[in-house]
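Quick notes on the structure that follows.
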Amino acid sequence: MNSGHRNRNNLADSFPQDIDPADQWVLDPETGEFRLDLTAATVPAARTPMSPRTPRTAPGATPERSGPGDGGRSGGDDGPGGRAARRRGGKAGKPRRRRALKWTAGVAALVLVAGCGGAYYAYQHFNKNISSVEVQVGNDADRPKAAEGAMNILVIGTDSRVGLGREYGDEGSPGHADTTLLFHVSKDRSNATVMSIPRDLMVPIPECQTGTKKIAGTARAMFNESLGQEGRDPGCTWTTVEKMTGIHIDHFMMVNFEAVKTLSTAVGGVEVCAAKDINDPDSHLKMSKGKHVVQGDEALAFVRTRHAVGYGGDLTRIPLQQQFISSMIRKIKSSDTLTSPTKLWNLADAATKALTVDSKINDVNKLKDLALDLSSVNTKNITFTTVPVLDSTEKGESGRLVLKEPDAKQLFGMIAGDKSLTDVPGQADASAAAAPSAAPTTEAPAAPQVDAKSVRVTVRNGTGTTGQAAKAVTALQGKGFTQAGPGSNAEPSAASVISYPAGKADQAAALAAALGLPDTAAQQSSKLGAKDALVVTLGKDYGAGGGAPAAAVPTEAPKDLQRVQADDENLCAK
């Protein structure tokens, strides 16, 4: 992984020791935007109207007065949006503040995206901090289809101890995917779903590529082994999640122990709540019943604790993490953070140093666009949930988990189909439009004008995965196509095709609907005669998540699904 990282530089090297970095973000009166001006803190404000506040005076120098009416004051809150900016702006101040708040909302949005991760200023100066990994996740034909316009970001919290000494035990461990969240943002940006994936979940870990090294897959292992172990990088976790869920991932962000400490400190602490006294010697958390503001080591102890809450396992730790992240989102979006240039600077500095991202978003301009795109999501429409699971009953898997079906598939289908877990006006129409084209109407007949029992069908497997033709035949027979049967294997292909003779377009359309394929999959063939069967050649686009027939986008969440709303301020660790 180190080969794909950029070198990090110390931001302090860019500034004189006696200058606050926040002083060098200046308001441009022409655009209403803030920009970095490395000379702003050394030029008197009276001659530099774009300076956010009066510069600090060097030792032994005579203080210079600011503009008329300033009273000679310097420092204070006369940064972007401060008293001096309001005086200079006059009536124009409101539009400028709106632009500024729109920009700072983007900072909050990136913290929201990264969960326990962080935020970025959209300025070139922070490029020096960004670390990235060039991940390899295979060809698009081998991956789930994306819901157009929606966005899925995989957030990985690693428990790597590399460089941390013995403070957290397991010294030098390359770490695992200890805390993993799939952050889904809807196409219309009206809502978001954050799905936690338990580290103890038993899953197949597929073969993956890191640089020039190919790492063999594992038929069954704990999910957290998808990172760090055997040299696996975030791309391996990315591939594992796509294969397990059938959800297309766009980007990843990865954080370590230090990120929680530095980010919680940068925002001045995060409020959490305990429903009872907590004393966990493993995480070093000692907390009395009630609400507390935590930061640094105590914040890290809170998100790591599990032995002193609930049933003592990973599933009881996840709601604590969701509570913490929700509270951090609220803190970042609060006015006391958004209107403080120093807090925003410290937060962005901590975040860009703490996060590792995929190489497609390792530039602050791209991150700025991402932040502004996501900033419109209302906190009340952000729902945290956990993959539905059961205790494993397999020998040797005590304490491990397995997917609870059909609940897990139902939740995955909602996310893949861009269906919200919160009630958002207009979302039903938006999710239907954004759903993958392969999703058929729920329990709809193949076609009203077609007698499915009379349609002869031969199914050939061109997916490259054994057994898919048999699955498709079973699915078709269950939908009334009783004359469907398997044929010989076909050469692997990306797209499925339904070949039909002249005069049988309606039958082909019915087959496409029954298999969850787009209408364009049906193609008339001059090689087939009127007495020939229709031929279905399955491609790699057949279905989602292991090749199963694509299901309709679920309209309701599974019963008893664990949920946490990001705007709930009364959550307490039990």
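For reference, positions follow the sequence shown, starting with 1.
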One pair to check against side-chain contact (heavy atoms from CB on, under 4.5 Å): I205 and K243. What are the steps and the verdict? CA-CA 9 Å; I205 298 178; K243 293 291 186 182; over 6 Å; no
Taking it one step at a time, do R317 and T179 satisfy side-chain contact (heavy atoms from CB on, under 4.5 Å)? CA-CA 10 Å; R317 181 181 66 163; T179 298; 4.1 Å; yes
Can you list the steps and then say if V309 with L320 is a side-chain contact (heavy atoms from CB on, under 4.5 Å)? CA-CA 9 Å; V309 293; L320 270 72; 4.2 Å; yes
List the steps, then state whether side-chain contact (heavy atoms from CB on, under 4.5 Å) holds for I325 with L181. CA-CA 11 Å; I325 298 167; L181 306 100; 4.0 Å; yes
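Counting heavy-atom neighbours within 6.0 Å of E230 CD, excluding the residue itself, gives a total of 12 or less.
A donor-acceptor pair under 3.5 Å links the side-chain atoms of R330 to the main chain of A566, judged by distance alone. Between the side chain of R460 and the backbone N or O of S488, at least one donor-acceptor pair lies under 3.5 Å. In this structure a side-chain-to-backbone donor-acceptor pair under 3.5 Å is present from Q562 to T386. Remark: the backbone N or O of L421 is paired with a side-chain donor or acceptor of R563 at under 3.5 angstrom. The closest donor-acceptor contact from the side chain of Q321 to the backbone of Q323 lies at 3.5 Å or more, if one exists at all. Although no hydrogens or angles enter the test, the distance criterion places a donor-acceptor pair under 3.5 Å between the side chain of N381 and the main chain of S190. A side-chain donor-acceptor contact under 3.5 Å links T474 to the backbone of A470. The main-chain N or O of L401 is never found under 3.5 Å from a side-chain atom of D200 such that the two would form a donor-acceptor pair. Side-chain atoms of R304 never come within 3.5 Å of backbone atoms of L285 as a donor-acceptor pair (strictly under, hydrogens ignored). Looking only at distances, a side-chain donor or acceptor of S264 sits under 3.5 Å from a matching main-chain atom of G296.
The CD1 atom of I130 lies 10.5 Å from the OG1 atom of T356; values are rounded to the nearest 0.5 Å. Taking CG from L538 and OG from S496, the interatomic distance works out to 5.0 Å, rounded to the nearest 0.5 Å. How far CG of N152 is from OG1 of T193: 9.5 Å, rounded to the nearest 0.5 Å. Annotation: the span from T385 atom OG1 to L411 atom CG amounts to 5.5 Å, rounded to 0.5 Å.
Side-chain atoms of T422 and Q565 form no donor-acceptor pair, as typed in the model, at a separation below 3.5 Å. A side-chain donor-acceptor contact under 3.5 Å links D418 and H184. Remark: the R232 side chain and the T218 side chain contain an N/O donor-acceptor pair separated by less than 3.5 Å. Side-chain N/O atoms of T240 and S226 include no donor and acceptor closer than 3.5 Å. No hydrogens or angles considered: nothing links the side chains of T463 and Q468 as a donor-acceptor pair under 3.5 Å. For the residue pair T158 and N256, no side-chain donor N or O sits within less than 3.5 Å of a side-chain acceptor on the partner.
Across every non-hydrogen atom of A416 and G246, the tightest pair is CB-O, 4.1 Å. Taking all atoms of both residues into account, the shortest heavy-atom contact from D358 to F252 is OD1-N, 3.0 Å. Contact detail for E134 and S359: the closest heavy-atom pair is OE1-OG, 3.1 Å. Nearest heavy-atom pair across A177 and R199 is O-CB, 4.0 Å.
Ring planes of F302 and F324: tilted class, angle from 30 to 60°.
Side-chain contact between E405 and Q410 is absent, with no heavy atoms from C-beta onward closer than 4.5 Å. Inter-residue side-chain proximity for L154 and H251 is flagged as unmet; no heavy-atom pair is nearer than 4.5 Å. In this structure, L315 and P198 have side chains that are in contact, with non-hydrogen atoms separated by less than 4.5 Å. Looking at V241 and I247, their side chains never come closer than 4.5 Å, going by heavy atoms from C-beta outward.
Salt bridge status for E397 with R220: present, with a side-chain N to carboxylate O gap under 4.0 Å.
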